[in-house]
Amino acid sequence: MQQGNAGDFPRVVTFDLFSAMTDSRRGAAAAFTEIAAVRGWSVAGEELYDVWDRHNKEQQRRAAFGPSTSFRALSRAALRLAYDQLGLDGCPEADLDLLWRSVARWPLWGDVEDGISAVAARAAVGILSNVDDALVVTTRAYPLVDPRWVLTSERLEAFKPAPAIYLRALRAAPGLVHVAASARDVRGALEAGIPTIRLVRPGHRLDPEGPAPTVEVTDARELPAAFAQLERGGQDSTRIRNG
């Protein structure tokens, strides 16, 4: 993995794992469909995912103000809350094991491999994510990046969207640029002072109360041009379109 040292490329580029790189809703919903079938539930996998995901993000937000914990513990608590909300009699610990084993099958977005290859030709590519180390290595994204720059919540001892995880990532990799898709990640990185490119993904919108990125792309393969635009201060345009 080469590192960019000149021109308009940063030294390290990090990607968010479960929105910018991975179609996590599609992957997890398929796993929740399997869990529902085993449990004999009529609830759709997509609904299970959506409820769990909302609770999971809230657990992560609160983790910034609580005692040290793990992504697994927060996800298990969120699953318990989701079951309570939906009136389901499940086993959060066992079901989370099934969900985590499915992560290796969660699909990448179709532009990710080519996009990362283009970036990796001139910069080190990593991941900045709320995840435990043992889980990130099972993802389809992990073989595409430089393990030195896999910056997890476990490694940095903080969770998005708290400023601490972004500031610690910046200390670990001075000059990094982050590629984010979700509203909370775009806002968190920008408010922490990290140059951020928004990679537009289905189901994700900007936080209307947060700062707006100067550069956004609709395809990861457009990222090399986006770095040049970011270096110029995003003065040419606020969006780079495919083609």
So Val217 and Arg198, do their side chains get closer than 4.5 Å, heavy atoms only?
no
So which atom in Arg39 and which in Ala94 form the shortest heavy-atom distance, rounded to 0.1 Å?
NH2-CB, 4.3 Å
Would Leu17 end up clustered with Trp100 when hydrophobic side chains under 4.5 Å apart are linked, directly or stepwise?
yes
Regarding Asp111 and Arg221, does a basic nitrogen lie under 4.0 Å from an acidic carboxylate oxygen?
no
Output, in order, the C-alpha distance, side-chain angles, deciding distance and verdict of side chain to side chain contact (heavy atoms under 4.5 Å, CB included) for Phe71 and Leu135.
CA-CA 9 Å; Phe71 182 71; Leu135 185 62; 3.9 Å; yes
Between His55 and Gln85, does a side chain to side chain contact (heavy atoms under 4.5 Å, CB included) hold up when you go through it step by step?
CA-CA 10 Å; His55 284 295; Gln85 179 178 332; 2.8 Å; yes
Smallest separation among heavy atoms of Phe18 and Ser24, with atom names
O-OG, 2.7 Å
Do you know the tightest heavy-atom contact between Ala220 and Arg201?
CB-NH2, 4.5 Å
For the residue pair Ser153 and Asn130, confirm or rule out a side-chain donor-acceptor distance under 3.5 Å.
no
Show the numbers, then the answer: is there a side chain to side chain donor-acceptor pair (under 3.5 Å) between Asp185 and Tyr166?
CA-CA 10 Å; Asp185 198 27; Tyr166 299 103; 2.6 Å; yes
Test side chain to side chain contact (heavy atoms under 4.5 Å, CB included) applied to Ser129 and Thr152, step by step
CA-CA 5 Å; Ser129 176; Thr152 64; 5.8 Å; no
List the atom of Pro213, the atom of Leu190, and the distance in Å for their closest heavy-atom pair.
N-CD1, 3.7 Å
Step by step, work out the side chain to side chain contact (heavy atoms under 4.5 Å, CB included) result for Glu47 and Leu86.
CA-CA 9 Å; Glu47 182 180 4; Leu86 295 169; 3.5 Å; yes
Any side-chain heavy atom of Tyr83 sitting closer than 4.5 Å to one from Asp95?
yes
Can any side-chain N or O of Trp109 pair as donor or acceptor with the backbone N or O of Thr22 at less than 3.5 Å?
yes
CH2 on Trp41 to CG on Asp89, rounded to 0.5 Å
7.5 Å
Same cluster for Leu98 and Val38 if Ile/Leu/Val/Met/Phe/Trp/Tyr side chains link at under 4.5 Å?
no
Heavy-atom distance under 4.5 Å between the side chains of Lys160 and Lys57, does that happen here?
no
In Å, rounded to the nearest 0.5 Å, how long is the span from CG of Leu88 to CG of Leu48?
6.0 Å
How many angstroms lie between atom CD of Glu222 and atom CD of Glu216, to the nearest 0.5 angstrom?
13.0 Å
If we ignore angles and hydrogens, is there a donor and acceptor under 3.5 Å between the side chains of His178 and Thr14?
yes
Hey, quick one: are Ile127 and Val186 part of the same hydrophobic cluster, counting side-chain heavy atoms closer than 4.5 Å, chains of contacts allowed?
no
Membership question, hydrophobic clusters at under 4.5 Å side-chain separation (ILVMFWY): are Leu206 and Ile194 in the same one?
no
Between Arg168 (side chain) and Leu156 (backbone), is there a donor-acceptor pair under 3.5 Å?
yes
Is the backbone of Ala104 close enough, under 3.5 Å, to the side chain of Arg140 for a donor and an acceptor to pair up by distance?
yes
Which residues pass the salt bridge (Lys or Arg N to Asp or Glu O under 4.0 Å) test with Arg26, not counting sequence neighbours?
Asp23
For Leu199 and Thr218, work out which heavy atoms get closest and say how close.
CD1-C, 4.3 Å
Let me confirm one number: the OG-CZ distance from Ser182 to Arg205, rounded to the nearest 0.5 Å.
13.0 Å
Closest approach of Arg155 and Val150, non-hydrogen atoms and distance?
NH1-O, 3.3 Å
Ion pair present between Glu58 and Arg62, side-chain N to carboxylate O less than 4.0 angstrom?
yes
Please tell me if the side chains of Trp52 and Leu81 come closer than 4.5 Å, counting only heavy atoms from C-beta onward.
no
Using 4.0 Å as the upper bound for N to carboxylate O, is an ion pair formed by Asp53 and Arg25?
no
Any non-hydrogen side-chain atom of Ser70 less than 4.5 Å from a side-chain atom of Asp132?
yes
Any non-hydrogen side-chain atom of Phe32 less than 4.5 Å from a side-chain atom of Leu99?
yes
Between Ser117 and Asp114, does the side chain to side chain donor-acceptor pair (under 3.5 Å) criterion hold? Intermediate values first, please.
CA-CA 5 Å; Ser117 179; Asp114 287 344; over 6 Å; no
A side-chain contact here means heavy atoms from C-beta on lying under 4.5 Å apart; do Tyr142 and Pro147 qualify?
yes
Asp97 with Arg72: basic N within carboxylate O range, under 4.0 Å:
yes
Hphob cluster co-occupancy, Val13 + Leu108, side-chain heavy atoms under 4.5 angstrom:
yes
Is the distance between the ring centroids of Phe15 and Trp149 under 6.0 Å?
no
Interatomic distance, CD@Gln60 vs CG@Leu74, rounded to 0.5 Å, equals 6.5 Å
4.5 Å side-chain heavy-atom contact, Val119 and Phe227:
yes
Within this structure, what is the CD-CG distance for the pair Gln59 and Leu79, rounded to the nearest 0.5 Å?
11.0 Å
With no hydrogens and no angle check, is any side-chain donor or acceptor of Glu46 less than 3.5 Å from a backbone partner on Ala29?
no
Enclosure of Glu113 CD (heavy-atom neighbours >12, cutoff 6.0 Å):
no
